[in-house]
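Residue numbers start from 1 in every chain, and the chains themselves are labelled A, B, ... in the order their sequence lines are given, proteins ahead of strands.
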Number of protein chains: 2
Amino acid sequence: MPDLTVRQQQIVDFIQLRQEQEGICPSRAEIADHFGFRSRNAVNEHLRLIRQKGFIGETEGKMRALKLITPLQRHRQKVANIPIFGSIPAGFAQAKVQEAKGCVSIDIGTLGITPTPGTFALEVRGDSMIGKHIMDGDIVVLEQGVNPKSGEVVAALIDNESTLKTFLLNRGKPFLRAENPKYPDLIPAQELVIQGVFRALIRRAAG
Amino acid sequence: MPDLTVRQQQIVDFIQLRQEQEGICPSRAEIADHFGFRSRNAVNEHLRLIRQKGFIGETEGKMRALKLITPLQRHRQKVANIPIFGSIPAGFAQAKVQEAKGCVSIDIGTLGITPTPGTFALEVRGDSMIGKHIMDGDIVVLEQGVNPKSGEVVAALIDNESTLKTFLLNRGKPFLRAENPKYPDLIPAQELVIQGVFRALIRRAAG
DNA sequence: GGAGATACTGTTCATTTAGACAGTATGCCA
DNA sequence: TGGCATACTGTCTAAATGAACAGTATCTCC
């Protein structure tokens, strides 16, 4: 793929910026305005060359429809938007989106799963799962409504609060275990509500 | 915010789907086509009501410029695209984007930092940083070209391969330490190339 | 110095598109 | 039964827009 000239790169950058910021592709007139061109055809000519070099897809006739093809874009995957809940109330299934405290946006390739409407995220509080290398402040992505396998990490509702535990089957009986010697070992999972199964984790550097 | 009718929600969903898949907002004619309307004004009427209810922003006169305002969108932040390198060659700064093996897309709020052109990602190999709860297979986001503080995790080029280590200052002298008793303790960091400083981590559930 | 590419100005034209007007059918609620 | 909102069909218009044509200046490379 041949390289773009400085001007051409500037135009590609501007289109990308606008698409990210506004969610709308700029028209040729708007591009001309931004660069101070008095003729829209200057933009036209640039776009023709950029398209010829393969950095813009074909969208003949359509308006505000420039499809950028950047090197990273070729690797880019669909981005999922997962709601973050502070703590999950009992009546969870009904009113979800309204109570979201935030939103994690991450591509599904990195996430490793295709999110469903039952996918949600929690911020980890405490170090009860430090043995599984899940730290205080981590954001965990969970899947609601699936049956956990033995050894998987789950979020369970204990004392009206979501807590992460390892789910274990011991002679057919489900148990929950905290991965930290400071916490009691096995909790019968008979009447506990499993809110979600661990799927992914995101951690920010401290500080 | 009043609720949308079923049809109105279908239209909002379709617009969102198209914007995510194509990167381009559908025109009224395309929406009419998709739903089998013989009149574009059916779409027009729906959009008017959706806008009135506050689920679409004002973009008068602009074409293909419907701005969706979904509940999650209100929390949504700018998504950064970070290249993944398998291993970082010595001539790093020059040719970056070309050699990317993949791309992590994640919103900057969750990531915790605003990415720069020097931000990149690596997949962790081995368990040399298990003491800092960084596991084999994790994806770490690093910042290139910044000076690490003592105690921060860094990627260093050792034997032509990137390895994660803890960066330490011992009486003014920089050292690298592996966070696993199996590995040698302190390595003088005099002539080592620090490729990046740890900023964030993403982990997928095993299996 | 000349050829060719880039980087524009200025203009015209056909198409796409949003927005408005007029009218019909259907279901719901009082 | 009447009123009202939703959910459409059908038509028209003006503005936004992409695309094309003609022409100029500058730069690099040969």
Is the ring pair A:H34/A:F14 parallel, tilted or perpendicular, if the boundaries are 30 and 60 degrees?
parallel

Dump every N/O contact between nucleotides 3-6 of chain C and the protein below 3.5 Å, one line per pair.
none

When you compare the side chain of B:L164 with that of B:V154, does any pair of heavy atoms fall below 4.5 Å?
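The answer is no; the side chains never approach within 4.5 Å.
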
So, applying side-chain contact (heavy atoms from CB on, under 4.5 Å) with A:I50, which one of A:R7, A:E45, A:Q8 is it?
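Result: among A:R7, A:E45, A:Q8, A:Q8 is the only option passing the side-chain contact (heavy atoms from CB on, under 4.5 Å) with A:I50.
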
Quick one: which of B:I31, B:L17, B:I11 gives a side-chain contact (heavy atoms from CB on, under 4.5 Å) with B:P26?
B:I31

Flag for [Y]-[X]: side-chain donor and acceptor within less than 3.5 Å:
X      : Y      : value
A:T119 : A:Q144 : no
A:Q9   : A:D13  : yes
B:N180 : B:S128 : no

Selection residues 149-158 of chain B - residue pairs positive for side-chain hydrogen bond (donor to acceptor under 3.5 Å, both in side chains), sequence neighbours left out:
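Passing the test, one end in residues 149-158 of chain B: no pairs.
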
Output every pair passing side-chain hydrogen bond (donor to acceptor under 3.5 Å, both in side chains) with a member in residues 15-24 of chain B, not counting sequence neighbours, ordered by first then second residue.
A:K67-B:E22

Check whether A:N41 reaches the backbone of A:N44 with its side chain - one donor and one acceptor, N or O, closer than 3.5 Å.
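Not confirmed, A:N41 side chain does not pair with A:N44 backbone.
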
Is a side-chain donor or acceptor of A:R203 paired with a backbone partner of B:H133 at a separation under 3.5 angstrom?
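Looks like yes, one N/O pair under 3.5 Å.
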
What are the bounds, 5' to 3', of the part of DNA chain D that sits under 4.0 Å from heavy atoms of chain A?
D:dA16 to D:dA22

Between A:R64 and A:E30, is there a salt bridge with N-O shorter than 4.0 Å?
yes

Which angle, to the nearest 10 degrees, lies between the helix axes at the two ends of the helix from C:dG1-D:dC30 to C:dA30-D:dT1, each defined by five pairs?
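Between the axes fitted at each end of the helix from C:dG1-D:dC30 to C:dA30-D:dT1 lies an angle of 30°.
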
Generate the contact string for nucleotides 15-20 of chain C. Rules: B means base contact, S means sugar-phosphate contact only, - means no protein heavy atom under 4.0 Å.
BBBBBB

